[in-house]
Amino acid sequence: MVADLGCADCTLLWMLKFCKCIEVLAGLDIRENVMKEKMHRLSPLPGDYLQPSERSLTVSLHHGSVAHKDPCMLGFDLVTCIELIEHLEATELEMFPEVVFGFMAPSMVVISTPNSEFNPLLPGVTLFRHSDHKFEWDRAQFESWAIHAATHYDYTVEFTGLGIPPPGTEDVGFCTQIGVFMRNHPKNGETVSSEKHTKHAYKTVFKAVYPSLKDEKYLQNAVVNEVIFGAEIIKRRLLGNFKSERKKHNETKLKFQPFKCCMRCSTNLSLAETEKCAADRSTEPFVDGNKVCIPLAKIFLIPKVNQLCGTFEKLNKLIAGKVALNSDGSAVIVTVENENEEQEY
Amino acid sequence: MQGDARAAFRSVTCGGRARESGAGERARARSEARPSFSLSRSLNEIISVPYMDGLSAGDSGCTLVERGGKTRCNFQDLGVYTRETMAHVKESKTGSSGIPVKVVTNLYNLGLPREWQLYQYHVTFSPELESKRLRIALLYSHTELLGKAKAFDGAILFLSQKLENQITELSSVTKRGETVNITITLTNELASSSPVCIQFFNIIFKKVLKKLSMYQVGRNFYSPSDPVEIPQHKLTLWPGFAVSITQFENRVMLSADVSHKVLRSETVLEFMTNLYTRIDRSCFIQTCEKELVGLIVLTRYNNKTYRIDDFDWCVKPTDTFPKRDGTEISYIDYYKQQYDITLTDLNQPMLVSRVKSKQNSTVEPRVVHLIPELCYLTGLTSQASADFHLMRDLSKEMHLSPEQRQQRLSRLADNIQRIKEARLELEMWGLQLGCQVSLTGRVIPTEKILMQEQTCLPMSAGDWSKDMRNMKIIGVQCLDNWLMLCSNRNGEQAENLLNCLKRVGSPMGFHIEYPRISKSDSGPYMFLFRVQVQEPEVQLVMCVLPSNQKDCYDLIKKFLSLERPVPSQCVLARTLNKQGMMMSVATKIAMQIICKLGGELWAVEIPLKSLMVIGIDVNKDALNKGSSIVGFVASTNSKITRWFSRCILQNTGTDIADCLKVCMKGAISKWYKCNSELPARIIVYRDGVPDGKLKMVVDYEVPQLLSVLTEFATNYRPKVSVIVVRKKCIPRFFAEANRSLQNPPVGTVVDTEATRPEWYDFYLISQLARQGTVNPTYYNVVYDNSGLKPDHMQRLTYKMCHLYYNWPGLIRVPAPCQYAHKLTFLVGQSIHREPSLELADKLFYL
C-alpha cells in the first residue's frame, strides 16, 4: 500500500501502478483540478480486462490537505511526499509531522524538497524555484527538521538526494534533498481501531478497481478460457491422429471401424508427465461417438490451468456449470462437428 | 453487419471456388448485414481510449476539434440539402400504398422542450493568458453566475441558461495577485437542430457512456469488464453500443445499437511459434513476413496499436537501445522497469513499426521496435475468416435476435436512468433519455415472378427456389460448343456433374450438349495452354478445380477475361463429392451458366416503359490498395433481364468515381443498339458511398452522369433519378408479434420519422433474415427529375431487389448494385485489370 501526498498530476502514481507488488495506491492533493486533469491515466486500460493481473489493485484519489487526518490514509506501508513540504504554509507544516508520522504512521516515509544551496547553479532562480514555494531549505535546515520529527515519532531517517552538481561545485549537495524515514517499531493495532473515531476530512474524487484474478469473476473466466482452449487443442490432436489412423485403415482395406476407441494423445508432455499419465490411465482422452472426452485430471496438467487453480478441487468448482462435462463430472466433453456441416449447400 | 456479411461471403467465394453458384448469396441473405460490427474494418480500427476528445463539459478542457487538431469528419453528411432541389417531394416524400405495420425503433426521444437552446459565448481575458488551465480555473471561479451546466474550452463557452446581458464583464484575481478581466460575449443562440448542437449532444452522451464504465473504441463504446469469450478460437468479444444523436425528420433523437468488438488473445510470438511448427523451416522468415507485415498489433501494457512494417531478425530482447535521455538499456530491463513485465523468450526477433506523428505529418516517422511476445494480433487473418467453425461461433454470439437486441438496449437505457452520475450529466443540460420511438411503416405487396409463359407468386417473398421448380426460364441459347477441363483424378465427378446438369437443364428449358472434355494432371498452366489452342466459337469453359488454391482460380479468370475472353465456370472437385446434394448443386451451376451465356432467368413486372436501371459500386483492389475499382452495370432491355457492364480501375484510392461519363456513354449506346431508341428514363443506384462522402456524390458524380446525355441528341432529356444506397444505416426496426419482437416482414418501407428532413429518403427491408436482426437498406434519392411519386420509387426499388440471378430470392440491394459489386469483387480479387469488353453483355462475373 503506497500513498503519494501532493500527487499533483499523478505521474508518480501512474508509474507505480505498474509495480506488481503494490495492491493499494492512493493520492492526495489540495488542488482538485490539477489532479483531475490527468487522473484518467490511472484508470484500467481495456487491455487490463483482457488479461486480468494476478494481484489486485485499487487506485484512489482524494482531495484534501496534509494538515488534516482522514482514516482513509491509515494502514499504508509507504508514504511519499515528493516536493510537497515547501508548498505548505507554516501552520500546515506544523501539523504535517503529526499527520504523517503520528497518524498515518507508515513503515516508511520518503520526503523530498529543494536544496536551496543548489539554487545559485540554476539559471533564472532568484528567490525560490517556484512561485508557490513558501520556503526552500538548505541541507542543515531540512536535516534538523527531519531528525526532529523522526525522533519525536520514533523513526530513523537517512538522507540522500538527486541531481549531482556539476564538477567543482560538489559541496552544494544534491539539487533535491531526500529524507528516507523508517519506523523503528512495528505498529500495534491501536491506531487502526482509532479509525472509527476520526471523521472523514478528504473527498474521494476518483476510485478505480483493477480487474484481478483475485476476483472470482475474472479468475473463473480465465480458467474457463484455458480449459476450453486446452480441450480444443487436445481434441484437434486426437482427431488428427484418429483420422490418419482411419485413413491407414481404409488404405489397407480394413472394413472394420472401431466405434469406440481409446488412444493416447500425443501432446508434448514432458517425460515426467508422460510417466505420470501412464501411471494414471484415467487421464487419457478418448473419442466416444461424436464426442471427445478429456478427463479433468488431464486438463489439470495444462500448466496454465494448474497455475490458475492451484488445486484440483478449485478447478472443479470454477468450471462447474461453465464447461460441458460428462455425467459423472470427471471429464470435459467436446462435441466433434460433422465435417459436412462446413458445406454451405 | 455489412463487413461480416462480406467476410462470410469472401470465405465462401474465395475458400470454395465452386461456390460461385449462389452459396455466397445465401450467406449474404442469412447474415444480418449491419454496421454494428464490421469485421474487416472495425477490427483494425485503433483501440484507443481518448478521454478528452472534443468538447467535454466539466472541469477539464474542451474543444470542438478532436484531439490532434484534425477537424471532425462529417459522418452524418450534414449540410447536404438535396430535397429542396426536387419540387415533387418538397411537401411530402411519404408513400401511401401497402399495409400499415407498427414498428418499434432503436431511436429514443431526448425530451427536449421546443424552446430549448444552447447559448454560445466567446470569452476573452485581459491581460491575455497563455495557460488554458488558468483560463478555465478563473472562469469557473464564477460558478454562481454561470450555473452548473457549462462547457468551456478556453475560448468558447456553452451554457444552457442565457446570461442576463449580451456582454458580461467579470474580474478575477490570480494567486499571484494579478487582476484579470474576463469578457463573455454572446455569439450564438443555437437551436437543438443546429449542427453544433448535435455535435455537442454527441459529446455529452460520450461522457454519459464513460460514466457507465464503458470504453471508447473507434466511434463506439464497449464494456471490457463483461467480455464474451470464445476460447476455442482465442477470441474475446466486448459487448457495446453505437450511440449517436441525429436530427431526424421531426426532432433530434438518440439512436442506439448493439455493437461488438472482436479481440484476439493471441500474441505475435504465439502465432510465429505455431507457424514455425507447421511450415518448412527454410521459408519460415519469408512466410512470417508475408503473413504478418501490414497487420495491426495491440500492446496491452499501454493500450496502443501499431502496424507491423518490418521484422528485425538481428535484434534480440537482450540487446540495448538508447532511451530518450541517451542512456542505453536492454529491452528486457526496459519492460521490467517500466511495466514490470518479464520477457520469457530471449531469442525472439523484433517487430519494426514506423510511427508517424499525428500532429505533424512532415516529421520523419519514428521507428520503434516491438516485442512479439507483448504484441497481440487484431483483426481476423484471412486464415481465420476462412475458418467456417470460427465464423460460425462468432456469428452465434454476435447475431442477436430482435428480442435480444431490445433487451440490451433496455439495459442501456436503464443504466443511464439508474446511475446517478450519468443521469445528472444529462439533467444538467435539460436532457433526458425519453421513450423508445414507435412508428408506422408499410408493407408493400409481394412481387410476382415472371417465367417463360408462367408466373408464380412465391410462397415466401424471400426465396422462390422451390416455387420455380419445373418452370421454364425466360430464355437462353443452347450450350453446344463448350469445353470442360478437369484433372484425371476428377474425371468421374465431372461426368457425374454433366449428367446432373443435363437432367436439371431440360425442365428449365436449357439444352446442354456434351462438351469436349480435356483431362490433364499438370496443373492450371496446362489448363490454360489447352484453352489457348482451342478454336474460337467456344461458348463456355468449365474447370473442375482439384483444390481451392486462389492463384489457380485467379489465373484462369485472368486468362479467360483478358487474353481469351470466354465466360468460365469454376467448380471445386470437393463440391461434387457430396452425393445427396448433387441435384441442387447442379441446378445452381446450370442457372449460373445460363447467366454467363447471356440468358435470362426470370423477370418482374416493370410498369415503366423504356427504363434503364444502372448500378454502381466502388471497391478497393486487393493487391494494389491505392487504386479503386468502379463497377458499372446497366440494363439493356425494358424487361430488365439483360445487363451491360463496365469496370474501370482508378489509380486514386478514393471511393468517388471519376469515370462515369465513359460508362454512361457506353451504356446508353448499348441500349440504343438493342432497342433502336434512347432510354426515356434512367435510374441510377449508387452503392459503396462511405459516410461523409455524400456531398462528393452530389457535386461530382451526378454531374458526370448528366453531362453525357446531351451528347446523344440535343433534345434528349430523359428522366433521371440518382439514388444512393446504403447497406448500413443507423435505425433498426422491430415488429411486435405474439408479445415479442420480431423482424418486420419483407417489403416493409419506412419513410417517416426515422428519415432526415433535408433528404428524399426511405428505408426498405428487402431481405429475409433467418437469423439475427434484419438490417434495413437505406435509400437516399439525391437527384430526381422523373416526377415519380415516392410510392412508385419505393415499389420500383423493391422490384429491383428481385432480379439478382445468383440467388432465387430477394436481396438487400437492387440487383444492379449487387452485380456491380460482384464485378468489382472479381476484378479486385483476381483479375486486377479491366476485363475485355467482349464479355460486357454477359454476367460473366457471377
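In what follows, every chain begins at residue 1, and chains take the letters A, B, ... in the order their sequences are listed. A quick note: this is a predicted structure, and the numbers were derived from the prediction, not measured.
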Where does [X] contact chain A at under 4.5 Å (heavy atoms): side chain, backbone, both or neither?
X: Thr236(B); answer: side chain
X: Tyr301(B); answer: backbone
X: Gln338(B); answer: both

For the residue pair [X] and [Y], establish whether any side-chain heavy-atom pair is separated by less than 4.5 Å.
X: Pro44(A); Y: Tyr215(B); result: yes
X: Tyr376(B); Y: Gln51(A); result: yes
X: Pro227(B); Y: Asn221(A); result: yes

Starting at [atom1] of [X], measure out to [atom2] of [Y] and round the result to the nearest 0.5 Å.
X: Asn225(A); Y: Ile230(B); atom1: CG; atom2: CD1; value: 10.5 Å
X: Asp215(A); Y: Ser225(B); atom1: CG; atom2: OG; value: 10.5 Å
X: Ile228(A); Y: Lys234(B); atom1: CD1; atom2: NZ; value: 12.5 Å
X: His233(B); Y: Phe229(A); atom1: NE2; atom2: CZ; value: 10.5 Å
X: Tyr49(A); Y: Ser223(B); atom1: OH; atom2: OG; value: 9.5 Å

Would you say [atom1] of [X] has more than 12 non-hydrogen atoms from neighbouring residues, nucleotides or ligands within 6.0 angstrom?
X: Lys134(A); atom1: NZ; result: yes
X: Lys322(A); atom1: NZ; result: no
X: Lys336(B); atom1: NZ; result: yes
X: Lys38(A); atom1: NZ; result: no
X: Met15(A); atom1: CE; result: no

Quiz item: With a 4.5 angstrom heavy-atom cut-off, which part of Lys217(A) approaches chain B: side chain, backbone, both or neither?
Solution: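 For Lys217(A), the contact with chain B is made by the side chain alone.
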Quiz item: Should Arg300(B) and Leu45(A) be marked as a side-chain contact (heavy atoms from CB on, under 4.5 Å) after you check the CA-CA gap, both sets of side-chain angles, and the distance that decides it?
Solution: CA-CA 8 Å; Arg300(B) 288 181 179 178; Leu45(A) 294 171; over 6 Å; no
Quiz item: Is the backbone N or O of Lys20(A) less than 3.5 Å from a side-chain atom of Asp340(B), with the two atoms forming a donor-acceptor pair by type?
Solution: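 Yes.
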Quiz item: So among Asn303(B), Val217(B), Leu298(B), which one has a side-chain contact (heavy atoms from CB on, under 4.5 Å) with Pro46(A)?
Solution: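 Option passing the side-chain contact (heavy atoms from CB on, under 4.5 Å) with Pro46(A): Asn303(B).
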